[in-house]
Amino acid sequence: MTGRARARSRGRARGQETSAPGASQAREPAPPAPPPTEGELVGRGRQKGAPGPFSAEAVLQISAGFQQVKLGERGGRRRDFHDAGINTRQAMEHVKDSKTGTSGSPIPLSANFFRILSRPQWVLYQYHVDYNPPMESRRLRSALLFHHDEVLGSARSFDGALLFLPHRLHSKETVLHSETRNGEKVQITVTLTNELPPTSPVCLQFYNIIFKRILRILDMQQIGRNYYNPNDPLNIPQHRLTIWPGYTTTILQYESSIMLSTDVSHKVLRSETVLEFMANLRQQCGSHRFTDICAKELIGLIVLTKYNNKTYRIDDIAWDHTPNNTFKRGDQDISFKDYYKAQYGLNITDGNQVLLISHVKRMGPAGGPPPGPAMLVPELCYLTGLTDKMRNDFVIMKDLSMHTRLTPEQREARLNRFVTNIQKNADAQAELDKWGLNFDKKLLELTGRVLPGERIFQGSRSFDYNPSSADWSKEMRGLPLISAPPLNSWLLFHTRRNSNEAQSLLQNLHKVSGPLGIRIQRAVMIEYEDHQESLLRALQHNVGPQIEMVVVVLPSNRKDKYDCVKKYLCVDCPTPSQCVVSRTLSRPQTLMTVATKIALQIACKMGGELWSVEIPLKHLMIVGIDCYHDITAGKRSIGALVASLNQGMSRWYSKCVLQHKGQEIMDGLKMALSALKDYLKFNNCLPSRIIVYRDGVGDGQLHSVVNYEVSQIMDSIKSMGHDYMPKLSVVVVKKRLTSRFFAKIRGQVANPPPGTVVDSEVTRPEWYDYFIVSQAVRSGSVSPTHYNVVYDTSGLKPDHMQRLTYKLCHMYYNWQGIIRVPAPCQYAHKLAFLVGQSIHREPNVHLDDLLFYL
């Protein structure tokens with residue numbers, strides 16, 4: 001899977017809030033917006049309730065603080081990436097007092113969090129600033145106010161309307177007088193509107209602003225949401241790549257205190273510009289197909305413009321524009337060439353290059369039209385990230401991982417060095433001292449719990465696995481599966497060149513299938529010519545309703561042939577299918593292992609059950625939901641829902657819906673809860689308890705799950721009958737995290753073992769949430785998964801919810817080990833990804849009860 005595809009399949013939000021000159025449709029674009037003033041506060045979500053056990057007075061102060069902060073006045077409507085202000089825990093009686101579990105053995109951990117230390121009785125004073133006559137320009141307002149250093153002091157933060165100070169001015173209303181350069185006299189009235197405690201949401205915003213100032217003092221550059229150090233690049237000249245090391249940083253109210261969460265981040269930049277990339281592409285493919293191939297290659301890529309260190313997503317190419325085209329800047333027309341010369345001192349050498357279009361997500365001035373899309377010059381844009389070809393290149397990925405895949409020890413050392421650098425830097429320390437703030441010198445220490453390993457049941461046998469490796473591929477060897485339908489009528493397609501590999505595969509499948517309890521008859525071998533049309537014709541002529549399985553040996557991993565097989569066999573002629581690349585079958589020493597994995601996949605796809613773990617809850621249905629954003633089919637979203645049909649969680653119902661951009665994912669998936677009808681058919685009763693794991697929720701999208709999706713799920717349950725009221729839990733699953741945990745094992749900093757649960761200290765007080773490290777990794781630092789129970793009428797104890805979640809991570813049949821998320825989430829991801837990448841249509845209903853997408 002490519003990085004871009006992986007990001008989209010996780011439902012990641014795209015696009016940066018940036019500005020650039022020019023527009024494509026209009027010849028009068030908005031000129032580049034001035035940068036925000038240093039102290040500008042951005043709009044975060046509003047806290048509905050107290051984020052912890054505060055006094056009623058503190059709660060009143062917090063809400064009063066929010067009434068004063070008007071986003072419109074501050075001119076910022078930015079997404080709240082931390083989902084602050086969504087208080088779901090208070091509605092759940094059973095976790096109001098405690099949300100911590102009890103089972104498992106305690107383990108001491110450290111985490112990538114640093115406590116924020118402030119002076120005792122620290123208060124932030126908020127003032128409203130009025131100008132008479134009113135001043136439009138925010139820069140002018142700042143300049144006029146900052147003339148009065150002797151009154152305000154050196155520590156201040158002003159965003160054009162609100163002024164924050166660490167000390168109180170002498171009187172509640174202070175009147176100041178300033179004069180503009182033109183000699184116009186201005187009266188400034190500074191009125192105290194609030195005294196904010198450290199836990200106030202406005203204070204949290206403010207801490208983040210101050211910390212960003214400190215990162216700038218350390219000469220770090222902001223790219224996207226993170227800060228990177230361009231002065232300490234890691235060059236990989238043999239691959240024309242540069243890595244900028246950096247950090248992700250967030251200051252939030254966590255369970256016990258306000259903390260800075262920080263993690264190491266890397267920005268991979270390519271040493272070639274878009275112009276060089278286009279020139280190489282033209283050489284390779286010739287001029288007549290160049291425009292189509294170029295658009296296919298470039299659209300969707302993220303580029304960096306080094307003159308302002310901003311990233312843009314290429315949304316289109318303006319083939320009729322060159323740097324000699326003009327746009328309106330103020331009242332004058334200016335060419336792109338002259339603009340870059342005047343603004344940045346850059347000379348554009350190629351006057352005939354086309355321009356790139358990026359639809360920048362930025363608000364226009366209040367009441368005015370939104371600014372046009374940004375026009376970018378290929379010569380000044382550097383490609384970021386890796387191409388599919390690079391990702392498939394083992395040498396490149398190995399060289400990259402040497403720099404970016406840090407062991408727990410290296411990561412901990414890098415984080416400690418980061419905080420030490422802040423404390424050693426005199427300017428950074430002076431900025432913190434002005435405000436009476438500081439950071440703890442060492443990583444947060446806390447206690448987690450390691451859940452006991454699960455027993456795996458397979459057929460009539462059961463076995464334990466090695467808990468540190470979280471894998472049972474050796475243990476299950478030679479044991480029969482729970483159930484596997486016999487494979488009587490099946491086809492094996494291959495090219496003439498791959499006939500030997502196809503024969504070897506067939507022989508090895510017969511060898512491995514016996515001990516697994518899979519009865520396989522001999523396949524009908526069919527040869528096809530090595531091109532897509534021949535393969536499709538062969539499928540159309542030979543696959544009929546009596547065929548139970550189709551196996552295709554592909555000569556290469558070219559996407560078009562794979563897509564052609566899946567499109568035909570998932571939509572037009574519903575038959576489970578398995579594709580294998582011939583290179584995978586070319587190494588005799590690994591052929592038995594490969595054949596075992598293929599035999600297991602074939603069994604799954606036909607409705608077989610491989611193994612199970614003990615699930616004590618009866619009449620339980622587990623649902624996994626994920627989404628994928630399909631870039632080819634008009635930016636449609638694909639929502640996938642996978643629901644369990646039996647007690648052992650070994651049979652699943654799968655449904656996929658395609659919908660248009662901007663449509664809520666549950667609109668289509670409401671229909672997919674016809675899974676309940678399937679459950680009824682399977683068990684002769686409806687489930688008494690439903691637990692929904694919702695994956696693919698991007699940063700800042702939690703409110704839409706809480707406010708919209710939960711009620712949609714409840715509506716679709718009600719459609720089964722008004723007297724049907726099962727217990728319902730909705731859990732939001734998040735994989736893209738910056739939280740990391742480190743264990744001390746035999747005196748060494750190491751990854752926590754699989755089954756580690758963290759449900760205190762670094763969780764959020766307003767949520768019923770927990771972290772689980774379920775998988776084991778061979779290299780680098782393990783990433784935990786965050787689970788946030790946003791709705792729960794099940795009354796399950798937190799301990800039982802955590803244990804059940806961990807059990808479900810054992811049930812993914814494509815991997816004989818524990819995975820990072822509950823199995824239904826991974827199944828839903830695989831289904832949405834297959835439809836978004838290859839099929840682009842809803843799969844045939846005849847496949848709904850099969851894991852045909854594994």
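- Checked options Asp759, Asp799, Asp769; the residue passing with Lys99 is Asp769 (criterion: salt bridge (Lys or Arg N to Asp or Glu O under 4.0 Å)).
- Looking at residues two or more places apart in sequence or on another chain, you find no side chain to side chain donor-acceptor pair (under 3.5 Å) involving Arg477.
- Of all the heavy atoms in Ile518 and Ala599, the pair that sits closest is CD1-O, 3.7 Å.
- For the atom pair CD of Gln647 and CG of Leu617, the computed distance is 8.0 Å after rounding to the nearest 0.5 Å.
- Taking Asp792 as the reference, nothing meets the salt bridge (Lys or Arg N to Asp or Glu O under 4.0 Å) condition, with sequence neighbours excluded.
- Atom CG of Leu451 sits about 5.0 Å away from atom OG of Ser103, to the nearest 0.5 Å.
- Two residues are said to be in side-chain contact when any heavy atoms from C-beta on lie closer than 4.5 Å; Leu676 and Ile690 meet this criterion.
- Shown here is Arg405, whose CZ atom has no more than 12 heavy atoms of other residues, nucleotides or ligands within 6.0 Å.
- Remark: Ser794 OG to Lys727 NZ distance equals 7.5 Å, nearest 0.5 Å.
- The local environment of NE2 in His510 is crowded, with over 12 non-hydrogen atoms from other residues, nucleotides or ligands closer than 6.0 Å.
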When you look at Asp471 and Gln816, which way does the side chain to side chain donor-acceptor pair (under 3.5 Å) test go after all the steps?
-> CA-CA 6 Å; Asp471 177 294; Gln816 293 119 298; over 6 Å; no
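- Using a 4.5 Å heavy-atom cutoff, the side chains of Val264 and Leu406 are in contact.
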Could you walk me through whether Val731 and Val692 pass the side-chain contact (heavy atoms from CB on, under 4.5 Å) check?
-> CA-CA 6 Å; Val731 186; Val692 177; over 6 Å; no
Kindly determine whether Thr805 and His800 satisfy side-chain contact (heavy atoms from CB on, under 4.5 Å), including the steps that lead there.
-> CA-CA 8 Å; Thr805 302; His800 294 164; over 6 Å; no
Check the pair Val730, Glu709 against side-chain contact (heavy atoms from CB on, under 4.5 Å), reporting the backbone distance first and the verdict last.
-> CA-CA 9 Å; Val730 179; Glu709 291 190 14; over 6 Å; no
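- The aromatic rings of Tyr254 and Phe113 stand perpendicular to each other, their planes meeting at an angle above 60°, with 30° marking the opposite boundary.
- Salt-bridge annotation for Arg651 and Asp849: absent, with no side-chain N of the basic residue lying under 4.0 Å from a carboxylate O of the acidic one.
- Judged as a salt bridge (Lys or Arg N to Asp or Glu O under 4.0 Å), and not counting sequence neighbours, the contacts of Asp464 are Arg455.
- Between Trp611 and the choices Tyr812, Trp815, Tyr813, the ring-ring contact (aromatic ring centres under 6.0 Å, His included) rule is met once, by Tyr813.
- A pairwise comparison of heavy atoms in Asn112 and Thr738 identifies ND2-O, 2.6 Å as the closest pair.
- Nearest heavy-atom pair across Met811 and Tyr827 is O-OH, 3.1 Å.
- Between the side chains of Arg820 and Gln826, no donor-acceptor pair of N or O atoms lies under 3.5 Å.
- For Tyr770, the ring pair (Phe, Tyr, Trp, His ring centres under 6.0 Å) partners at least two apart in sequence or on another chain are Tyr787.
- Rounding to the nearest 0.5 Å places CD1 of Ile713 at 8.5 Å from CZ of Arg694.
- Taking CD1 of Ile839 as the start and SG of Cys570 as the end, the distance is 4.0 Å to the nearest 0.5 Å.
- Residues satisfying the ring pair (Phe, Tyr, Trp, His ring centres under 6.0 Å) test with His810, not counting sequence neighbours, are Tyr465, Trp472, Tyr806.
- Here the closest heavy-atom approach between residue Ala643 and residue Ala675 is recorded as CB-CB, 3.7 Å.
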Applying side chain to side chain donor-acceptor pair (under 3.5 Å), run through Arg740 and Ser783 and close with a yes or a no.
-> CA-CA 6 Å; Arg740 303 278 182 163; Ser783 290; 3.1 Å; yes
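- Closest approach of Ser612 to Gly648, counting heavy atoms only: CB-O, 3.7 Å.
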Do Leu850 and Lys605 pass the side-chain contact (heavy atoms from CB on, under 4.5 Å) test, and can you show the C-alpha distance, the side-chain angles, and the key distance before you say yes or no?
-> CA-CA 6 Å; Leu850 304 173; Lys605 289 178 177 184; over 6 Å; no
Evaluate the side chain to side chain donor-acceptor pair (under 3.5 Å) criterion for residues Lys567 and Ser838: first the C-alpha distance (whole Å), next the side-chain angles of each, then the deciding distance (0.1 Å), finally the verdict.
-> CA-CA 7 Å; Lys567 239 179 226 163; Ser838 302; over 6 Å; no
Throw together a table of side-chain donor-acceptor distances under 3.5 angstrom for residues 585-592, partners on residues two or more places apart or in other chains.
from, atom 1, to, atom 2, distance (Å)
Ser586, OG, Arg583, O, 2.6
Thr590, OG1, Arg587, O, 3.2

Could you go step by step and tell me if Tyr853 and Ser654 meet the side chain to side chain donor-acceptor pair (under 3.5 Å) rule?
-> CA-CA 10 Å; Tyr853 41 83; Ser654 315; 2.8 Å; yes
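- Between Tyr628 and Gly836, the shortest heavy-atom distance links the atoms CE2-CA, 3.3 Å.
- For Tyr679, there are no ring pair (Phe, Tyr, Trp, His ring centres under 6.0 Å) partners at least two apart in sequence or on another chain.
- Two residues are said to be in side-chain contact when any heavy atoms from C-beta on lie closer than 4.5 Å; Val395 and His239 meet this criterion.
- Donor-acceptor pairing under 3.5 Å is lacking for the side chains of Ser760 and Glu255.
- When the side chain to side chain donor-acceptor pair (under 3.5 Å) test is applied to Ser781, the partners found at least two apart in sequence or on another chain are Arg411.
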Can you give me every donor-acceptor pair (side chain of residues 743-752, partner residue at least two apart or in another chain, under 3.5 Å) with its distance?
from, atom 1, to, atom 2, distance (Å)
Asn751, OD1, Val782, N, 2.9
Asn751, ND2, Gly780, O, 3.0

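- Residues passing the ring pair (Phe, Tyr, Trp, His ring centres under 6.0 Å) test with Phe493, sequence neighbours excluded: none.
- To the nearest 0.5 Å, the span separating CD1 on Ile691 from CG on Leu728 amounts to 9.0 Å.
- Remark: Lys559 pairs with Asp563 by the side chain to side chain donor-acceptor pair (under 3.5 Å) rule, at least two apart or across chains.
- Taking the side chain to side chain donor-acceptor pair (under 3.5 Å) definition, one finds that Ser110 meets it with Glu412, sequence neighbours left out.
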